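So the structure is just underneath, and the comments pick up after that.
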Amino acid sequence: MAQNLDKTYDPSQVEERLYKKWLDQGYFHAEVDHKKEPFTIVIPPPNITGHLHMGHALDNTLQDILIRWKRMQGYNVLWQPGTDHASIATEVKIVEQMAKEGLTKEEIGREAFLDRAWDWKEKYGGKILLQLQKLGSSCDWERERFTMDEGLSKAVLEVFLRLYKEGYIYRGAKIINWCPQCQTTISDAEVEHEETKGNFWHIRYRIKDTNEYIQIATTRPETMLGDSAVAVHPDDERYQKYIGKTVILPLVNREIPIIADEYVDQEFGTGVVKITPAHDPNDFEVGLRHNLPQISVMNDDGTMNEEAGLYSGLDRYEARKAIVKDLEQQGFLVKIEDHVHNVGFHDRCHCVIEPMIKMQWFVKMEELAKPAIDALKEGQLRFVPERFGKIYLHWLENIRDWCISRQLWWGHRIPAYYCQDCNEIIVDKEKPDTCPVCGSSRLKQDEDTLDTWFSSALWPFSTLGWPEETEELKYFYPTNVLVTGYDIIFFWVVRMVFSGIEHMGEVPFKDVLIHGLVRDSQGRKMSKSLGNGVDPLEVINEYGADALRLTLVTGNAPGNDMRFYWERVEASRNFANKIWNASRFILMNIEGKEIKPVDLSELTPADRWILSKVNTLAQEVTDNMNKYELGIAVQKLHDFFWEEFCDWYIEMVKPRLYNAEDKTNKAALWTLQTVLINALKLLHPYMPFITEEIFMYIQDQEKTIMFSSWPEYRKEWDFRQEEKEIELMKQGIRNIRNLRAEMNVPPSKKATVFVISEDKEIRNIFEKGKVFFATLAYATEVKIQKDKLGIGEDAVSTVIPGASIFIPFAELVDIEKEIERLEKERERLTKEIDRVVKKLNNQGFVNKAPEAVVEGERKKQEKYENMMKQVEERLQGLKK
RNA sequence: GGUCAAUUAACUCAGCUGGUAGAGUGUCUCCUUGACGUGGAGGAAGUCGGGGGUUCGAGUCCCUCAUUGACCACCA
C-alpha cells in the first residue's frame with residue numbers, strides 16, 4: 001500500500017474525495033448537546049454576488065483553523081454559514097442584466113423584478129459557498145442561512161418593530177448621502193472620502209441697497225442657486241457691519257440675509273460662507289439654527305431641478321460650468337484658485353455623493369452605542385490585536401444616526417404603512433386591514449427597503465433562530481469569536497455588537513480577530529480594475545488547498561496586511577510534499593507490522609528526545625493558538641516537522657530500521673508513528689486534507705483525524721535530560737559536517753571519529769547514540785574514549801561542551817590550517833567568555849536580574865571555559 | 001487636522017510578557033545516501049530608520065525626528 005503512494009503529493013487526488021467523505025459522514029454538523037461545551041463562529045456572510053477572492057480565502061482559512069482545532073479539543077463546534085442578500089450590489093447586477101434585454105426596473109415593476117432577483121439568487125447565490133468548500137471549510141452546511149430567508153426576515157421585522165416602539169427608529173427629513181447613480185440614500189459608512197483636485201471660486205454677492213460686495217468662496221458654485229443665507233463669524237471684525245443685512249444672490253437675484261454663526265472659520269477662504277442648507281450637511285445644521293429655508297435645486301439623478309431656473313435640466317457639473325461662465329460674464333466672479341479638498345464618493349459605484357434632504361428612516365444611535373462602548377471598556381468584548389478596539393471606540397463615540405432606508409427593491413421592505421386618508425403611519429409586521437385612526441382601508445406600504453447591514457447586524461442570533469427562543473440560540477449564543485477584516489469594523493462589527501446587546505442582552509462574541517488585506521506582490525490592493533487579483537481557486541487547482549491555507553497564515557500577524565507571492569505558495573506546497581514523503585517513509589516501515597504500545601523505558605534517548613519535543617510543541621502551539629498567534633504556531637510546526645523530525649530524527653532512526661538485529665527497532669517504529677500522528681494532529685487545522693489522508697493510511701481508512709484528540713502536554717513525555725543529550729550530539733555532528741565541508745570531503749569518504757571526554761556521562765551519551773552518530777557524522781567507526789590514545793596529531797578536531805572530537809584525515813590534514821582554525825575558535829570563545837564574565841562581574845546584573853538568567857550565564861561561562869580548555873590543549877599539542 | 005500602524009539579511013515578513021536576532025525565497029559550495037532534488041549537508045548576508053531616555057540589560061518600554069501607508073474628520 002505505502003509503496004504505491006506517489007513520490008509527490010497530489011492534492012487533486014485527495015481533496016475532493018476527502019471533502020465528500022466529511023460531508024457524507026456529517027462531520028461538520030452540530031447539534032445541541034448539553035453534555036459538551038459549544039464553540040461557535042458565525043461566518044461573515046459573503047454576498048450572493050460574490051466570488052471567492054483572497055480576502056475570503058484568508059478570512060475563512062482562519063476560521064476553519066480555529067473551528068477544526070476546537071473540534072479536536074472536544075468542543076461541540078458550530079461554524080454557521082450563509083450568505084448576504086447584498087441589496088445594492090445584487091440590485092445593480094439585476095438591473096445590468098435587464099439592461100441587456102432592454103428593460104428597466106420601472107418597466108417590469110417591483111414584483112417581476114423581485115422574481116428575477118430571486119431567480120438570480122437561486123442560480124448564482126450559492127456559488128461562493130461551493131468555492132468555500134474547495135478551501136476545506138468545515139461549516140455546518142445543513143444550517144446554511146440567507147439574510148432574506150423566512151426566519152431572518154422575521155428577525156428583521158421584529159427588530160424594526162421593537163426599535164420603532166422604543167423610539168430608536170424614527171422617520172425624518174434630514175440631510176442624507178444621496179447617490180445620483182444608484183438613486184438611493186446610503187449611510188455615512190458607505191461614503192468614501194478622497195482628496196480631489198478642484199477649484200475654489202471666489203464670488204461676490206452685492207449687499208442690498210449699496211454698491212458694496214461681500215466675497216464668498218466655494219468649491220461648488222452650482223449650489224449657490226439654493227443659497228438661503230451668507231454667514232460670517234460673529235466675532236469677525238471685518239464683517240461686523242454686515243451682519244443682519246441682506247445680499248442679492250447673483251444670477252437668481254434672490255434676497256438672502258447675512259447671518260453670524262460660529263461655524264464659520266475666519267481664517268479660511270474669505271471668512272464668508274454661502275449657506276445652502278439643502279445641499280451641504282454643515283449648512284443644513286446652520287440652516288436649522290437660523291431657521292433658513294431649505295431650497296433643493298437638484299433632482300435625484302443629479303440634474304438641476306426647476307428651482308435652478310435657467311439651469312434646470314442640466315447635469316450638476318454642466319450647471320457648474322454654465323454658472324461659472326455666467327458669473328464671470330456678469331462680473332461676479334472674482335477669481336478661481338486651485339483647491340484640493342475631500343469629496344465623498346459612493347463606495348460601490350464611485351459616483352460623487354450629493355447631500356440632499358429627504359424623508360428617511362433612521363436609527364437613533366447615541367443610546368444604543370453606549371453599551372457597545374462599555375462592552376469593550378469593561379472587557380466583555382476584545383479585539384485582537386487590541387489596537388482595533390480604539391478604532392471601534394472612536395467610531396461609536398462619534399456616531400451619528402444611521403440612515404437605514406434605501407430606495408431599492410431587493411431587500412427587506414420597510415414595514416411601515418401610510419394611511420392615504422389621514423396620513424397615519426402604522427408600523428407592523430403585516431399590513432393592517434384598516435387604519436387604526438380613521439378606519440380607512442387605503443393603506444400603502446413604504447416603498448423603501450432596509451440597508452443590507454440592518455439584517456447582517458442580527459446575523460449572530462438571527463441565524464440561530466431568533467426571535468424564536470430556540471435551543472440552538474440558548475446553546476450556541478453568544479458565539480466565541482468573530483473573524484473579519486478591519487475594513488468592515490464599522491459596517492458590521494459595531495452594528496452586531498449593539499444589536500446583540502440590545503436584543504439578546506449579551507455581546508454576540510467575546511473576541512474579534514481582525515486580519516488585514518491580501519495584497520499583490522507589489523503591495524497594491526487586489527482589484528478588478530487593476531486586474532491584479534489572484535484567484536484562490538486557481539491556487540487550489542495548481543497547488544492544493546492546504547498549500548494555499550498555509551501560505552495565508554505563515555509569517556502573518558493578526559491585523560497586518562500581507563503580500564501574495566507565488567513563491568510562497570510553492571514553499572507551502574513543498575512543505576506538504578515533505579509531510580507526504582516523511583509519512584510515506586514511515587508507512588513503508590510500519591507496513592505489515594503491528595505497532596504495539598511500547599513502554600517508555602524501552603525508548604532510546606533519541607526516541608525520548610523527539611517525543612519530548614513533540615510534547616512541548618503541542619503545549620506551545622496550543623498556547624499560541626489560544627492567543628490567536630496562528631502565524632507563530634504554524635512556524636513552530638513547520639520547523640519541528642522539517643528540521644527536528646525529518647532532518648534529524650528520521651535520519652537518526654534509519655540505521656536502527658535497516659538493521660533487523662536491532663532490538664530498539666520496535667521502539668523506533670512506535671516513536672515514528674506516535675510523533676507523526678501527533679504532528680499531523682497539530683497540523684490538521686492548518687492543512688486538513690493531507691493530514692486526514694495520511695491519518696487514514698496510518699490508522700484506518702474509516703477513521704478521521706477531525707475528531708481525534710488534540711495533543712496535550714503529557715508529563716510522562718517530558719524528557720528534558722534526553723533533550724540536552726541529543727542536542728549535544730547534534731552539535732557534535734554539526735561540527736563534524738562543518739569540518740568536512742570546510743575541507744571539501746565528500747560524504748562518500750568516511751573516517752573513524754574519536755570522541756574524547758573525561759566525563760563518563762558524556763561518554764555514555766555518545767555510546768548510547770553511537771549508531772546514528774556514526775551515520776550522521778559519516779564515520780566508519782566511532783571510538784569513544786577517555787583520552788587521546790591512538791589519535792595521531794594529523795587529525796582535524798572540533799570541540800563541544802565536555803568533549804573533543806577528532807577525525808584522523810591523515811592525507812587531508814594541514815597542520816597549519818588546523819592551527820589557524822583552532823585559533824579562530826579560541827578567538828571566538830575568548831569573546832564569548834569576555835562577554836559572560838563582564839556580565840557576571842556587573843553587580844547590578846547579578847543583583848537585579850532574575851536568578852534563572854544569572855544562573856544561565858554562569859552555566860554558559862562554565863561551558864565556554866570548558867571548551868576553551870580543550871581548544872588550548874589541542875593547540876598546545878599541535879604546536880609542539 | 002486627528003488617530004493608528006509600519007520602518008529588522010538582497011526580497012517578503014516573523015519576533016508573546018525586555019535577557020547576546022529568526023523563517024521563507026534568493027544567493028554561494030558540496031552531495032543522485034534505499035521518504036522526498038517540490039530533496040540533503042554546509043556557508044555568506046542585519047550598526048533591528050535616525051537621535052535621545054528608562055534599565056544591570058532594549059529590536060522589544062518612553063520621548064523625539066524622518067519616511068511610508070491606512071483609517072477617521074463638516075473647514076465652505
Side-chain angles (χ1 to χ4, degrees), chain A residues 2 5 7-9 193 200 216-220 223 231 263-265 267-276 280-286 339 341-342 355 385 387-388 390-391 394-395 398 486-487 489-490 516-517 521 523 543 547 551 554-557 559-565 567-568 570-589 623-624 627 629 631-632 635 638-639 646-647 650-651 654 658 733-734 737-742 744-748 775-776 778 832 835-836 839 842-850 852-854 856-857 860:
Chain A
L5 295 179
K7 277 177 84 169
T8 50
Y9 172 60
H193 294 274
F200 217 12
I216 61 102
T218 179
T219 55
R220 303 198 54 201
T223 62
Y263 153 70
V264 181
D265 180 351
E267 309 294 317
F268 191 80
T270 59
V272 188
V273 190
K274 63 191 255 328
I275 300 296
T276 322
D280 183 280
N282 297 306
D283 294 7
F284 178 77
E285 297 297 324
V286 175
H339 184 61
H341 62 134
N342 272 322
R387 68 182 128 97
F388 289 101
K390 276 190 193 169
I391 297 179
H394 183 257
W395 171 265
N398 295 286
Y486 55 68
D487 47 338
I489 292 177
F490 307 133
L517 265 41
S521 61
Y543 293 92
T551 303
T554 303
N556 185 239
N560 287 1
D561 289 353
M562 64 186 305
R563 298 193 191 189
F564 182 90
Y565 280 91
E567 293 90 320
R568 299 202 19 209
E570 271 177 45
S572 302
R573 185 271 317 264
N574 293 352
F575 181 55
N577 196 52
K578 190 72 183 176
I579 296 172
W580 181 254
N581 275 293
S583 305
R584 199 162 65 95
F585 170 78
I586 293 166
L587 284 165
M588 276 161 48
N589 281 284
D623 284 350
N624 288 131
K627 291 188 267 180
E629 295 165 353
I632 297 174
Q635 179 74 256
H638 175 277
D639 292 351
C646 292
D647 292 345
I650 288 182
E651 295 306 321
K654 278 179 181 171
Y658 296 150
I733 291 163
R734 266 198 224 100
R737 286 171 174 173
N738 243 320
L739 273 183
R740 296 175 56 109
E742 223 173 280
N744 279 321
V745 187
S748 53
T775 315
L776 300 188
Y778 310 103
E832 293 294 343
R835 203 185 53 80
V836 176
K839 217 170 180 180
N842 180 341
Q843 282 307 306
F845 175 72
V846 179
N847 293 337
K848 292 184 181 173
V853 177
V854 179
E857 292 296 318
K860 264 185 218 164

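What you are looking at is a predicted structure, and each value in this text was computed from that prediction instead of being measured. Below, chains carry the letters A, B, ... as their sequence lines are ordered, and counting in each starts from 1.
The C1' atoms of rC56(B) and rG40(B) are separated by 44 Å, rounded to the nearest whole Å. Separation of the C1' atoms belonging to rA5(B) and rA76(B) is 32 Å when rounded to the nearest angstrom. Nucleotides rC48(B) and rA9(B) have their C1' atoms positioned 10 Å apart, rounded to a whole Å. Separation of the C1' atoms belonging to rC65(B) and rU7(B) is 14 Å when rounded to the nearest angstrom. Between the P atoms of rC13(B) and rA70(B), the separation comes to 14 Å (whole Å). Atom name P, nucleotides rC63(B) and rG69(B): the rounded distance is 24 Å, in whole Å. For the P atoms, the distance from rC36(B) to rG46(B) is 37 Å, rounded to whole Å. Separation of the C1' atoms belonging to rG22(B) and rU29(B) is 23 Å when rounded to the nearest angstrom.
Classified by interplanar angle (parallel below 30°, tilted 30° to 60°, perpendicular above 60°), the ring pair Phe575(A)/His638(A) is tilted.
The CD1 atom of Ile586(A) sits 18 Å away from the P atom of rG34(B) (whole-angstrom rounding). When rounded to the nearest whole Å, the span between CG of Asn577(A) and P of rG37(B) equals 8 Å.
Side-chain contact between Ile391(A) and Tyr486(A) is absent, with no heavy atoms from C-beta onward closer than 4.5 Å. The side-chain heavy atoms of Trp395(A) and Ile489(A), taken from C-beta on, include no pair separated by under 4.5 Å. At a threshold of 4.5 Å between non-hydrogen side-chain atoms, the residues Phe268(A) and Val273(A) do not count as touching. You'll find the side chain of Val846(A) stays beyond 4.5 Å of the side chain of Glu857(A), heavy atoms only. Looking at heavy atoms from C-beta onward, Tyr9(A) lies out of side-chain contact with Arg573(A) at the 4.5 angstrom threshold. Here the side chains of Leu776(A) and Glu651(A) are in contact, with some heavy-atom distance below 4.5 Å.
Within 4.0 Å (heavy atoms only), Arg740(A) reaches no atom of the nucleic acid at all. Counting non-hydrogen atoms under 4.0 angstrom, Lys7(A) reaches the backbone sugars and phosphates but no base. Across all strands shown, Arg387(A) has heavy atoms under 4.0 Å from sugar-phosphate atoms exclusively, and none from any base. Contact annotation for Arg737(A): backbone-only contact, meaning every heavy-atom pair under 4.0 Å involves sugar-phosphate atoms and none involves a base. If you check every strand for non-hydrogen atoms under 4.0 Å, Tyr658(A) touches a base. Counting non-hydrogen atoms under 4.0 angstrom, Tyr543(A) reaches nothing in the nucleic acid.
Contact detail for Arg568(A) and Thr551(A): the closest heavy-atom pair is NH2-O, 2.7 Å. For the pair Pro746(A) and Arg740(A), the tightest heavy-atom approach, listed with the atom from each and the gap, is O-NH2, 2.9 Å. Scanning all heavy atoms of the two residues, the minimum distance from Asn577(A) to Lys7(A) falls at OD1-O, 3.9 Å.
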I'd like a list of close polar pairs between nucleotides 28-32 of chain B and the protein, N/O only, cut-off under 3.5 Å.
none

With the criterion being N/O to N/O and under 3.5 Å, what pairs connect the protein with nucleotides 74-76 of chain B, and how long is each?
residue: rC74(B); atom: O4'; partner: Asn282(A); partner atom: ND2; Å: 3.4
residue: rC74(B); atom: O2'; partner: Asn282(A); partner atom: ND2; Å: 2.7
residue: rC74(B); atom: N1; partner: Asn282(A); partner atom: OD1; Å: 2.9
residue: rC74(B); atom: O2; partner: Asn282(A); partner atom: OD1; Å: 3.1
residue: rC75(B); atom: O2; partner: Asp265(A); partner atom: OD2; Å: 2.5
residue: rC75(B); atom: N3; partner: Asp265(A); partner atom: OD2; Å: 2.9
residue: rA76(B); atom: N6; partner: Asp265(A); partner atom: O; Å: 2.7
residue: rA76(B); atom: N6; partner: Phe268(A); partner atom: O; Å: 2.6
residue: rA76(B); atom: N1; partner: Asp265(A); partner atom: N; Å: 3.0

What N/O pairs connect the protein and nucleotides 8-13 of chain B at under 3.5 Å? Give each pair on its own line.
residue: rC13(B); atom: OP1; partner: Arg563(A); partner atom: NE; Å: 2.8
residue: rC13(B); atom: O2'; partner: Gly555(A); partner atom: O; Å: 2.5

Extract from the structure each pairing of a protein N or O with an N or O of nucleotides 16-19 of chain B at less than 3.5 Å, listing the distance.
residue: rC16(B); atom: O2; partner: Lys627(A); partner atom: NZ; Å: 3.3

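Remark: His193(A) engages no residue in a ring pair (Phe, Tyr, Trp, His ring centres under 6.0 Å) (not counting sequence neighbours).
Taking every side-chain heavy atom of His638(A) into account, rG24(B) is the closest of rC56(B), rU38(B), rG24(B). If you check rC56(B), rU25(B), rA35(B) against the side chain of Asn842(A), the one that comes closest is rC56(B). The side chain of Asp647(A) lies closest to rA41(B), out of rA41(B), rU25(B), rG42(B).
Residue Tyr778(A) places no side-chain N or O under 4.0 Å from the OP1 or OP2 atom of rG40(B). Here Lys390(A) does not reach the OP1 or OP2 of rU3(B): none of its side-chain N or O atoms lies under 4.0 Å away.
Both Glu742(A) and Gln635(A) lie near RNA chain B, and the one whose nearest nucleotide falls closer to the 5' end is Gln635(A). If you find the closest nucleotide of RNA chain B to Glu832(A) and to Asp639(A), the one lying nearer the 5' end belongs to Glu832(A).
Taking CG of Asp623(A) as the reference point, atom CD1 of Ile632(A) lies at 11.0 Å (rounded to 0.5 Å).
Of the listed residues (Val264(A), Thr276(A), Ile275(A)), just one forms a side-chain contact (heavy atoms from CB on, under 4.5 Å) with Val286(A), and that residue is Ile275(A).
Among the duplex regions that RNA chain B forms, those built from at least three successive Watson-Crick or G-U pairs under 3.5 Å are B:1-7 with B:66-72, B:10-13 with B:22-25, B:27-31 with B:39-43, B:49-53 with B:61-65, ordered by first number.
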Between Glu285(A) and Asn282(A), does a side-chain contact (heavy atoms from CB on, under 4.5 Å) hold up when you go through it step by step?
CA-CA 5 Å; Glu285(A) 297 297 324; Asn282(A) 297 306; 5.7 Å; no
